[in-house]
K.L.:
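Got a structure for you, questions after.
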Amino acid sequence: MKILMVCLGNICRSPLAEGILKVHLSKIPGEFHIDSAGTGAWHVGSPPDPRSIAAARKQGISISDQRARQLKSSDFEEFDLIFTMDESIHIDVKKLTSHPAYHAKIHLLRTYAGDTDSKVPDPYYESDEAFDNVYSLIDAACVKIASAIQNEQRKTTGKH
Ligand code: 4NP
């Protein structure tokens with residue numbers, strides 16, 4: 001299963017989402033490919049924001065090897081699920097394809113995880129605490145998503 005995390009710059013939120021989901025899915029049998037991208041090109045080639053790297057490191061996760069890239073049209077074909085970090089990114093991503101099968105792959109991360117609030121707030125102009133908050137919001141969503149994937153796998157393999 002291939003999952004893509006998408007934010008604006010691919011340096012703050014989606015690198016955290018990529019790193020966090022990778023950790024949760026590593027505990028589940030199966031082949032997963034997790035990646036992240038930004039709708040914008042400003043930071044292409046850059047490592048994650050040092051504040052995201054620090055927020056992840058505090059929780060024992062390394063995301064410093066990631067490099068930012070821009071979302072590309074082939075991503076809609078390649079990935080099974082595409083998670084967006086807020087409504088505005090969600091709208092922008094959906095605008096990039098008119099294909100109904102591709103639209104069906106695109107979900108707001110928090111909404112997909114069952115949260116009533118859909119927003120992972122953009123921490124770029126905020127404090128270090130905002131990055132810890134982003135970490136917590138994404139982690140809570142990824143725990144639920146990993147668990148849902150595991151339940152789905154149990155159903156299809158017949159294992160309990
Ligand atoms: P991200 O945060 O979308 O979570 O990576 C941002 C990073 C950079 C900018 C905006 C948001 N920017 O305007 O450069």
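Atoms within a ligand are numbered from 1 in the order they appear, just like the ligands themselves.
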K.L.:
For ligand 1, which is the ligand I care about here, please tell me if P123 has any N or O atom under 3.5 Å from one of the ligand's N or O atoms.
P.N.:
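No.
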K.L.:
Please determine, by modelled atom types, if T39 and Q70 share a side-chain donor-acceptor pair under 3.5 angstrom.
P.N.:
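Side-chain D/A pair, T39 to Q70: absent.
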K.L.:
Is a donor on one side and an acceptor on the other found under 3.5 Å between the side chain of S136 and the backbone of D132?
P.N.:
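A pair under 3.5 Å: yes.
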K.L.:
Does ligand 1 have a heavy atom under 4.0 Å from the side chain of D122, from its backbone, from both, or from neither?
P.N.:
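The answer is the side chain of D122.
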K.L.:
Would the number of heavy atoms belonging to other residues, nucleotides or ligands and lying under 6.0 Å from CZ of R67 be above 12?
P.N.:
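Above 12, so yes.
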K.L.:
Is there a nitrogen or oxygen of N10 sitting under 3.5 Å from a nitrogen or oxygen of ligand 1?
P.N.:
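It does: an N or O of N10 is found under 3.5 Å from an N or O of ligand 1.
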K.L.:
Looking at ligand 1, would M85 count as a contact under a 4.0 Å heavy-atom criterion?
P.N.:
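No heavy atom of M85 comes that close to ligand 1.
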K.L.:
How about H103 and F76: are their ring centroids closer than 6.0 Å?
P.N.:
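No: the rings miss the under 6.0 Å criterion.
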K.L.:
As an exercise, identify every atom of ligand 1 less than 4.0 angstrom from a heavy atom of C7.
P.N.:
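Counting atoms of ligand 1 from 1, those under 4.0 Å from C7 are 1 (P), 3 (O), 4 (O), 5 (O).
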K.L.:
Select the closest option to atom 14 (O) of ligand 1 among R13, H43, M5, E126, judged by heavy-atom distance.
P.N.:
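It is H43 that holds the nearest heavy atom.
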K.L.:
What is the closest protein heavy atom to atom 12 (N) of ligand 1, and at what distance does it sit?
P.N.:
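It is Y124 CE2, 3.6 Å.
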K.L.:
Any N or O of G9 that comes nearer than 3.5 Å to an N or O of ligand 1?
P.N.:
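Indeed, backbone or side chain, G9 has an N or O that close.
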K.L.:
Just which atoms of ligand 1 are under 4.0 Å from any heavy atom in C12?
P.N.:
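Close to C12: 1 (P), 2 (O), 4 (O), 5 (O).
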K.L.:
Any idea how F83 and H107 line up, ring-wise: parallel (<30°), tilted (30 to 60°), or perpendicular (>60°)?
P.N.:
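F83 vs H107 ring planes: tilted.
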K.L.:
Can a donor-acceptor pair be found between the side chains of H24 and D139 at a distance below 3.5 Å?
P.N.:
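A donor-acceptor contact under 3.5 Å links the two side chains.
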K.L.:
Relative to the heavy atoms of L8, which atoms of ligand 1 are at a distance of less than 4.0 Å?
P.N.:
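Answer, ordered by atom number: 3 (O), 10 (C), 11 (C).
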K.L.:
With distance as the sole test, does S14 use its side chain to make a donor-acceptor pair with the main-chain N or O of V6 at under 3.5 Å?
P.N.:
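Not confirmed, S14 side chain does not pair with V6 backbone.
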K.L.:
Below a 4.0 angstrom heavy-atom separation, can you tell me which part of D49, side chain or backbone, both or neither, approaches ligand 1?
P.N.:
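None of D49 does.
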K.L.:
Do N10 and S36 have side-chain atoms, one donor and one acceptor, less than 3.5 Å apart?
P.N.:
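On atom types as modelled, these side chains qualify, holding a pair under 3.5 Å.
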